[in-house]
Each structure stands twice: as C-alpha cells, then as structure tokens.
Amino acid sequence: MMAAAAETPLSGVAWAAAPEAAPAGWTAITVTVEGAAANLGKGFGHKAGGYLCVCTGGAQAAPGPVVTDLQVLSERSPQPTGYTRIPEFPEPRTGISRKKRVYMKLLPLDAAETAVFDLKLSSKSKALPHYMKIGEIGNFAIWCKKGPVLKSKAQPISTGLKQLSLQPLDSDHKSPAARCSIKRTSQHESLYDTSNIYGLSAMDGVPFTLHPKFESKLSSGSNAILADLNVKSLADIEKEYNYAFVVERTAAARLPPSVC
C-alpha cells in the first residue's frame, strides 16, 4: 500500500462512502492485495458501496494518538472497553445497516508500546505473512501489521539548563577570574579530593568571585598573574589553624577529681 504506512503508525481508520469522500490526509484502500476492487459496501449492508481509509498523520504533523489495535465485530457485539467506532466520511447516514463494525483503540504516542502501521484487504483464502487477521467483512479479510513504537529522541539541553549544570563551561567562554579559579583548583586538587561514586567533589558547582581589591589588577582578556595572592598548601592551612586545646586541657587538669 503506502510507503509511509510502513514507517509511521496509523493515526486513524475510517469508513468512506467513496474514495473521493476521504478528507485530505486520508488514503482510501481501493484494491486488495490481489488487485481486486476493495468495495466493502455489500459487506456492510448497503448498496452505495464503501471503502476503508487510513491516516498516518504526516511526517510534519504534531505527535498525537496512534492506533494500537483494531477489531471487527458484529452489530450485536458490545463495544469493547477502550475502543471507539471508526468514523464515517461523509457524516454517518441514518437508516444504513452495519452488519459488521470496526473498532479502533487509540493511545498517545508516548504511552503506546506497539501500534498498527499498515492495513490491507485480501480474499478470505489469502494469507499475508507478517500481518494479523482482525476479521472479515463480506468477501474480504482485513489484515493489520503491528510493530513497536519508536519513541522520539531526547531533546538537546537548552542553554538555561546548561547554566545549572555542575560541568565546567567551555574554555572559550571562561573569564580570566574563572580560569584562575580552575588553575588553583587543579594545583591543589588534593585539598578538595572528596570525590564520591558519581565523580563529583564537594567543590563542584561552587562559584568563584574575585575579591574587589584585585579587580583593578586584572583586566578583561589579559593574562596577568595575581602575584599578591598567597596560595597556601594543605600543610600550611593545617599549621595555621591547628588548635591543640591547651587551655582547656590545663583547666581540666586543675579541677578536683569530683568535678571531672
């Protein structure tokens, strides 16, 4: 049938009184796989004739519901739960008997795991490989082809979300202050080496701001060295801020044993 039907899930199935009655975007199934006319009018109980038609929604259309299943039931059978009766083009006419009714199940594209991709008609004695027979109408057998639904790929991360990321910015967009911060971090990586199983350290995502007294010495686009910055090692920091609790221990030693 249509090449697009093998690639895109059907977004609708309908009944058309004539091929020209199918609206734009719909394609009437006018012939069977054997090449015979696929006029289902007599099978539907009226003399004017009729054709099944399908719609794929088009490649440019916004994602909408897709047909996930089809059933052909007699007019006395109750409507299956979750299914709707296929529409008619033009509008349904009163007084026309439908000995067989076609029901379809629609689901949003994101919620569908499988869908109907193609619909074909054949004689009752014909077997179609890779197609599932859903029923018979008049002298014709109706077959549908199902397949898995390919979900749309994730959209690229927007610039706003990238700004919230813990990953460092591209080097081309780093300010001199930011480059200085990264250089300091790499030189003293051991100071912040608190990496967890996710590869993040405690300093990831912490913003760096240059002190105002150094801003006049660092012009935009320059490679000036902040000579006034005193970079301390881990040993220097531990030595400077080491607290031995000497006063507390001395006071505790002078207290009577009953107080301790």
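Numbers here simply count residues along the sequence, with the first being 1. Values below: every heavy atom of this structure, side chains too, minus hydrogens, waters and symmetry copies.
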Which residue, D69, T68, D118, T114, forms the side chain to side chain donor-acceptor pair (under 3.5 Å) with K146?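 Among D69, T68, D118, T114, the one meeting side chain to side chain donor-acceptor pair (under 3.5 Å) with K146 is D69.
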State, yes or no, whether a side-chain contact exists between M104 and P87 at a heavy-atom distance under 4.5 Å. yes
Side-chain contact, heavy-atom cut-off 4.5 Å: V102 with W15? no
With C144 as partner, the option from I134, L128, V54 fulfilling side-chain contact (heavy atoms from CB on, under 4.5 Å) is I134
Test V13 against every option in V116, I29, L70 by the side-chain contact (heavy atoms from CB on, under 4.5 Å) rule and name the one that passes.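 Single side-chain contact (heavy atoms from CB on, under 4.5 Å) partner of V13 among V116, I29, L70: L70.
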Under a 4.5 Å side-chain heavy-atom rule over Ile, Leu, Val, Met, Phe, Trp and Tyr, are [X] and [Y] clustered together?
X	Y	result
L73	M132	no
L121	I86	yes
V33	W143	yes

Set of salt bridge (charged side-chain N to carboxylate O under 4.0 Å, His left out) partners for E240, sequence neighbours left out: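 By the salt bridge (charged side-chain N to carboxylate O under 4.0 Å, His left out) rule, E240 matches K232.
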Between Y243 and F245, does the ring centroid distance fall short of 6.0 Å?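 When the ring centroids of Y243 and F245 are compared, they turn out to be within the sub-6.0 Å range.
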Check for a donor-acceptor pair, side chain of K145 on one end and backbone N or O of H130 on the other, with a separation under 3.5 Å.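 Answer holds: no.
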Tell me if a side-chain donor or acceptor on E34 pairs with a main-chain N or O of S123 at a distance below 3.5 Å.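 Yes: the side chain of E34 pairs with the backbone of S123.
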